[in-house]
Trainee: 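Supplied in structure tokens, the structure appears directly below.
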Amino acid sequence: MTILTNRRGLLRAAGGIATAGLPLPAFAQGSPPPKPDRIVVNASGGGMATQLRRSYFAEFERLHGIRVVDTSPVDFGKLRAMVTSGNPEWTVTEIGGQDVDRAKELNLLEPIDTSIVDLSRYPAAGRNSHAFIGSAYSTVLGFRSDVFRDGSHPKGWAEFWDVRRFPGARSLRNHPVDNLEFALLADGVPMDQIYPIDMDRAFRKLDEIRPHISVWWSTGAQPAQMLVDREVVLATGWNGRFFELARRNAPVGSEFMQGSLKSSAYGIPRGTRQAYWGQQLFQVMTNPRLQAMYATELSYAGLHPDTASFVAEDIRPLLPTAPVNLERQFWLNVGWWTENGARAQERWNRWMLQRG
Amino acid sequence: MSSPGDSRRTTARRRETALFLLAVPALLLLGIIFAWPVLRLLAMSVEDGTLANFEKATLDELYLYVLFDSVKIAAMVMAICLLVAYPVAFWLSRAGRWGVALGMFALLLPFWTSVLVRTYAWLVLLGRNGVVNRWLRDAGLIDAPLPLLHNTSGVLIGMVHVLLPYMVFPIYASLLRIDPDLSRAAEGLGAPAWRSFLRVTFPLSLPGVSAGCALVFVLSLGFFITPALLGGGRVIMVSMLIEQQVREFLDWPFAAALSTVLLVATLAIYALIGRITRGARHA
Amino acid sequence: MELSVKGIVRRFGPVTALGGVDLDVAEGEFLTILGPSGSGKTTLLKTVAGFEIPDEGRVLLGGEDVTLAPPRRRDVGMVFQNYALFPHMSVAQNVAFPLEMRRRPRDEVKRRVIEALRLVELEGYGDRLPRQLSGGQQQRVALARAVVFGPRLLLLDEPFGALDRKLRESLQLEVRRLQRQLRLTTLFITHDQEEALIMSDRIAVMDKGRIEQVGAPGDLYAHPATRFVADFLGESNLLDGSASAGHAAIPGFGAVPLPAGQPDGGVTLLLRPEALRIAADAAAMPCRGQGKVLETVFLGQSAKLRMALDGGGEVLARLPLRPSDPPPAREGETVAVGFAPEDLHVVPRG
Ligand SMILES: Nc1ncnc2c1ncn2[C@@H]1O[C@H](COP(=O)(O)OP(=O)(O)OP(=O)(O)O)[C@@H](O)[C@H]1O
Ligand SMILES: [Mg+2]
């Protein structure tokens with residue numbers, strides 16, 4: 001890895017000397033590189049793809065006259081394979097929050113060109129040298145609002161764990177991320193002392209809830225669907241999924257208390273030919289009005305500080321980035337997971353296999 | 001010294017060589033699309049110069065258990081598919097033009113939707129408050145909902161549904177290839193319908209059975225969406241672990257070792273299926 | 001009667017495969033059904049074997065009505081058009097099959113399989129698979145399988161259709177020998193008239209789902225009851241003319257005498273090619289004409305001539321040849337042609 005960076009550094013230095021007397025590439029002189037007829041954006045698909053198109057892609061196509069083709073799903077392994085084999089097909093891809101650091105470390109991403117992408121008004125949490133932070137989302141507690149009426153639902157994970165006061169089948173994600181944090185919170189660990197995670201303690205606490213988990217979900221659509229079908233009465237899930245149900249007037253509510261905040265990031269695979277147009281797409285995506293459009297539909301709010309002011313008042317409290325929600329949640333520690341993810345996953349697999 | 005007979009044999013051999021040369025492009029293609037990736041896989045699994053990855057994949061209780069479980073589930077899916085598919089294929093092979101059209105349509109219908117959609121459809125049908133449980137409850141057959149989903153039975157139902165056509169078509173094809181005069185001959189020679197089936201039709205359809213079993217078995221081992229969704233987290237297939245390693249942890253060497261172990265197990269079972277069906281044919 | 005078929009009708013949608021078939025086969029008799037492709041031969045055989053249920057009519061075996069009985073209750077041995085050997089079973093297993101279905105004891109099965117294979121001269125082939133045998137050998141296995149259990153009726157559906165001429169001829173004789181030896185009542189199908197003439201005690205000629213005529217080969221040849229039979233069985237000249245006062249006016253030959261009792265009006269006369277004589281030989285014949293030779297075909301023991309008659313129409317003549325004989329006529333030559341009136345056969349119109 002270090003050899004690689006060093007060599008690149010050397011090459012760059014050598015290139016600098018060699019090109020000193022030669023004309024610079026066209027776009028470096030101010031005129032943009034030739035327009036391709038399309039760029040490819042890889043993201044999560046589903047309703048999110050529709051909304052990305054309505055909010056951002058449409059505007060990009062209008063501005064630049066370049067078609068945006070979307071693909072899915074997000075796949076870190078594929079990103080790595082593409083970059084390693086050269087000539088990535090994606091211009092831009094969404095990257096799971098935990099993977100940004102790793103992608104950077106493996107040198108899979110082009111740096112963000114701040115001369116094109118204007119991040120001057122973004123908060124610190126929204127800036128990253130190699131990733132564009134598109135929006136924030138949160139893993140929250142979803143519940144049947146006809147079972148737990150008038151605010152009688154569990155608030156926080158200690159109550160989620162309390163099967164006597166809040167009876168009924170539950171569902172958690174079949175994955176250690178979030179669940180270890182939730183288990184510690186349920187066990188009384190304060191939000192600011194979760195990390196580093198004490199795995200033994202977390203799994204001990206998970207042992208308690210296991211008999212009450214009827215389904216360990218694996219895709220984001222599952223918890224929402226199971227709440228609608230009354231397969232379970234409590235479930236963790238991504239806030240956008242519950243938001244969508246609430247907007248469709250399904251008897252499903254969500255609770256931000258002790259939710260697990262993450263940012264969804266986009267990057268430009270290193271070596272892609274349309275990198276310049278990827279940067280231009282990011283610039284379009286910094287527009288707070290477009291971010292508000294996106295948030296209104298999905299509740300995944302962009303990080304531009306003006307976004308909230310363009311969102312209708314009744315929707316604002318449903319955004320994970322609303323001030324009242326921000327203070328009740330914690331930011332998932334991506335660094336800890338990058339470091340310990342594989343170990344945690346293996347332990348999780350073992351734990352899942354202990355029948356009981 | 002060469003006699004005329006020798007030169008004739010040489011000519012014959014040369015002709016065989018020429019025929020073999022015709023097959024070379026196909027063999028090369030196979031080599032490229034099959035053997036090369038497998039070699040890459042092997043190479044990757046020992047990238048670090050040790051067999052540590054294989055040790056972990058074959059000795060660690062977790063992976064052994066999951067491998068065994070996956071093979072067990074794939075075998076069950078195969079067996080259920082066979083039990084369901086054979087009568088369907090048999091009926092199709094005897095059905096009239098409209099029957100065949102209808103049967104094909106019903107069988108191929110699922111292919112028009114994605115695996116994901118089909119799997120979700122099962123969630124709706126088999127859930128605690130799903131269609132099936134509601135019917136059974138309304139019919140007074142059960143008091144509490146049956147746990148059809150989020151366990152092994154859910155995984156089996158979902159996988160059998162997705163894989164059924166892969167069993168039906170090879171069997172159907174092999175049944176069609178059997179000369180209808182053969183079962184007539186058997187009956188004419190004194191065999192009741194069931195004995196004619198057991199002694200003639202069934203043994204002759206075994207190549208189809210064998211192909212279908214191998215296909216379903218191998219495909220089952222590769223499934224991860226359906227077992228993940230319908231198993232409610234309680235069913236872990238090797239393919240899910242491999243996918244985890246590739247996608248989440250980028251531990252490709254270990255994923256390669258797991259895949260190689262899976263490949264070897266698959267080939268072993270594949271050989272076993274072939275041997276059993278060949279044995280049954282001439283029994 | 002061992003087999004009686006009465007008024008069998010079988011329709012497949014708009015196609016009438018059998019349009020009222022009556023047939024009796026005596027015990028030990030070898031009866032051949034002869035007819036062109038699609039005339040309903042196989043359908044008739046399948047009805048007798050029980051693979052087809054007729055729409056109308058009855059099938060009696062040894063006096064017992066078996067119209068609705070399943071094939072396995074009929075004790076009929078059948079050899080299929082394509083043999084229908086079980087490809088996954090050895091020759092011995094194939095031949096043993098009907099015995100096993102009848103639950104014969106093991107040693108009896110073994111003994112009878114060996115006997116049957118000896119009968120068709122295939123001892124020592126028991127362990128082979130059918131695909132390891134030649135067409136003729138497969139045919140004989142099928143035969144062995146069909147007779148090994150002592151059926152009361154043997155059905156053969158064009159058993160030699162796929163074989164070359166030489167093999168055909170030797171198998172024809174072998175089947176006939178076997179049939180006589182076992183005194184098997186046999187129903188044999190062919191569309192080859194020569195084969196029918198060689199093998200049969202009696203022949204039933206079929207056309208369009210009906211039996212046109214049943215009779216001994218010589219009888220059918222000499223006295224065909226219909227124009228179809230006359231045409232189908234052997235080579236023939238069919239001459240159309242008009243009869244009046246015991247004579248018929250035939251283009252090219254003038255008036256020829258007819259057998260007594262022939263009414264006046266249109267008449268069709270059959271004249272076999274071997275009844276014709278030409279050139280000098282024709283001079284002795286009571287009925288004469290002349291014509292131009294269009295074509296001569298040398299056939300070894302005979303020569304075949306196609307001639308255009310001066311009065312219009314064509315005839316075919318077959319002239320016996322001895323090895324030293326010169327060619328009877330050259331193409332293009334005009335020669336006399338004649339025959340004796342007693343060789344004429346009046347074909348009933350119907
Ligand atoms: N199962 C069937 N369905 C429809 N039509 C049939 C069926 N079997 C026979 N036929 C028709 O009945 C007629 C007689 O058929 P059959 O097979 O008896 O003829 P065949 O005399 O055996 O002819 P070949 O010498 O070609 O074997 C044909 O017109 C055939 O198309
Ligand atoms: Mg036929």
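Below, chains carry the letters A, B, ... as their sequence lines are ordered, and counting in each starts from 1.
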Trainee: Within 45° of the ring axis of F182(A) and under 6.0 Å from its six-membered ring centre, is that where the NZ or CZ of R173(A) lies?
Mentor: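 No, a cation-pi geometry is absent between R173(A) and F182(A).
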
Trainee: For A81(A), is it the side chain, the backbone, both, or neither that has a heavy atom closer than 4.5 Å to a heavy atom of chain B?
Mentor: both

Trainee: Using a 3.5 Å distance criterion without hydrogens, assess whether the side chain of W337(A) forms a donor-acceptor pair with backbone atoms of A342(A).
Mentor: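 No; zero donor-acceptor contacts below 3.5 Å.
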
Trainee: For residues Y195(A) and E181(A), is any side-chain donor paired with an opposing acceptor at under 3.5 Å?
Mentor: yes

Trainee: Report yes or no: do K262(A) and S264(A) form a side-chain donor-acceptor pair below 3.5 Å?
Mentor: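 Side chains of K262(A) and S264(A): no pair found under 3.5 Å.
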
Trainee: Heavy atoms only, distances under 4.5 angstrom: which of K78(A), Q345(A), R230(A), Q222(A) has the most pairs with chain B? Name it, please.
Mentor: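 Answer, by heavy-atom pair count under 4.5 Å with chain B: Q345(A).
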
Trainee: So for Y63(B), is it side chain, backbone, both, or neither that comes closer than 4.5 Å to the heavy atoms of chain A?
Mentor: side chain

Trainee: For F254(B), does the six-membered ring have the charged nitrogen or CZ of K56(B) within the cation-pi criterion, i.e. under 6.0 angstrom from the centroid and within 45° of the normal?
Mentor: yes

Trainee: Under a 4.5 Å heavy-atom cut-off, does chain A meet the side chain of Q244(B), its backbone, both or neither?
Mentor: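 Just the side chain, heavy atoms under 4.5 Å.
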
Trainee: At a heavy-atom distance under 4.5 Å, which candidate from H175(A), M226(A), Q225(A) has the highest pair count against chain B?
Mentor: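 Most pairs with chain B among the choices: H175(A).
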
Trainee: Cation-pi check for W252(B) against R80(A): NZ or CZ below 6.0 Å from the six-membered ring centre and within 45 degrees of the axis, yes or no?
Mentor: yes

Trainee: Can you tell me which portion of D251(B) sits under 4.5 Å from chain A's heavy atoms? Options are side chain, backbone, both or neither.
Mentor: neither

Trainee: Under a 4.5 Å heavy-atom cutoff, which of V232(A), T219(A), D229(A), V74(A) has the most pairs with chain B?
Mentor: T219(A)

Trainee: Taking the ring centre of each residue, are W351(A) and W216(A) less than 6.0 Å apart?
Mentor: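 Distance test on ring centres: under 6.0 Å, yes.
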
Trainee: Could you check which of A221(A), S214(A), G341(A) has the highest count of heavy-atom pairs closer than 4.5 Å to chain B?
Mentor: S214(A)

Trainee: Considering only heavy atoms, which portion of L241(B) lies under 4.5 Å from any heavy atom of chain A: side chain, backbone, both, or neither?
Mentor: side chain

